[in-house]
Amino acid sequence: MQKAVSEILPKNFALLSKYKKEKCKEILEYLQNNELVSGVLLGGSVSYKDDIAKSDVDLFCLINQVENFESELKSNLHRLTDVDEIIYQGSFPWTEKLYTIFFKDDIDFCIDVCLIDLKNAETFFWEPDGCILFDKSQ
């Protein structure tokens with residue numbers, strides 16, 4: 001049985017504003033409930049810093065069939081509350097496919113969603129300070 005999103009967030013998430021926590025929970029619930037998402041790792045400054053008031057959130061998502069997931073990503077995420085813009089940033093060795101989600105009520109906050117193909121999981125460089133938020137295969 002999967003843990004609820006509120007149970008998987010690291011302690012320093014308490015340092016984020018209520019609005020930012022709500023947006024993160026919405027995105028994580030979407031990812032956790034998507035059958036193509038095998039797991040999510042939290043990376044970047046939110047995973048290891050204490051001063052995260054101005055940080056973005058970096059989610060590294062292990063995806064089975066990236067192309068299928070990606071084809072519906074924008075339309076599915078736009079259904080969430082307050083999503084303003086979703087921008088494809090490109091494909092990079094350290095993120096693979098990177099999408100940035102911006103929100104209407106906080107222009108200084110964004111969530112980066114990195115799509116890591118499941119077949120590349122063993123050779124992908126996972127952040128050493130990262131935090132596993134969920135792993136469906138345990």
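For clarity, every value in this text was computed on a predicted model and none was experimentally measured. Count residues from 1 along the sequence. We use all heavy atoms of the structure for the numbers below, so side chains are in, but hydrogens, waters and symmetry mates are not.
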Task: Short side-chain to backbone donor-acceptor contact, K136 and Q32, under 3.5 Å - done: yes

Task: Transitive ILVMFWY side-chain link L98 to Y30, under 4.5 Å - done: no

Open item on the list: Please give me the minimum heavy-atom distance between C61 and V113, naming the atom from each residue.
Closed with: SG-CG1, 3.8 Å

- [ ] For salt bridge (Lys or Arg N to Asp or Glu O under 4.0 Å), just list the numbers for E22 and K25, CA-CA rounded to whole Å, side-chain angles, deciding distance to a tenth of an Å, and then say yes or no.
- [x] CA-CA 5 Å; E22 287 173 3; K25 286 179 184 179; over 6 Å; no

Open item on the list: Measuring from atom CG of L118 to atom CG of L62, what distance do you get when rounded to the nearest 0.5 angstrom?
Closed with: 4.5 Å

Open item on the list: Return the CZ to CG distance between F103 and D108, rounded to the nearest 0.5 Å.
Closed with: 13.0 Å

Task: Residue pair E26 / T81: nearest heavy atoms and the distance that separates them - done: OE2-OG1, 2.7 Å

Task: Cation-pi, Y99 ring and K97 (6.0 angstrom, 45 degrees) - done: no

Task: Rounded distance (nearest 0.5 Å) linking atom CG of L31 with atom CG of L73 - done: 8.5 Å

- [ ] Quick one: pull up SG in C114 and CD in Q89 and give me the separation to the nearest 0.5 Å.
- [x] 10.0 Å

TODO: Measure the spacing between CG of D117 and CD of E70 and express it to the nearest 0.5 Å.
DONE: 10.5 Å

Task: Shared hydrophobic cluster for I101 and Y88 (ILVMFWY, side-chain gaps under 4.5 Å) - done: yes

Open item on the list: I need the minimum non-hydrogen distance between L16 and K21, along with the two atoms involved.
Closed with: O-CE, 3.2 Å

Task: Reported CG-to-CG distance for the pair L42 and L133, which is rounded to 0.5 angstrom - done: 5.0 Å

Task: Partner of L80 by side chain to side chain contact (heavy atoms under 4.5 Å, CB included), out of N76, D82, L77 - done: L77

Task: Smallest separation among heavy atoms of K20 and D106, with atom names - done: CE-OD2, 3.3 Å

Open item on the list: If we ignore hydrogens and angles and just use 3.5 Å, is the side chain of Q65 paired with the main-chain N or O of L36 as donor and acceptor?
Closed with: no

TODO: Look at the side-chain heavy atoms of Ile, Leu, Val, Met, Phe, Trp and Tyr, link any pair under 4.5 Å apart, and say whether F102 and L115 land in one connected group.
DONE: no

TODO: Report yes or no: do Y19 and V57 belong to one cluster of Ile/Leu/Val/Met/Phe/Trp/Tyr joined by side chain heavy-atom distances under 4.5 Å?
DONE: yes

- [ ] Could you tell me which non-hydrogen atom of D84 sits nearest to which non-hydrogen atom of H78, and how far apart they are?
- [x] O-CE1, 3.6 Å

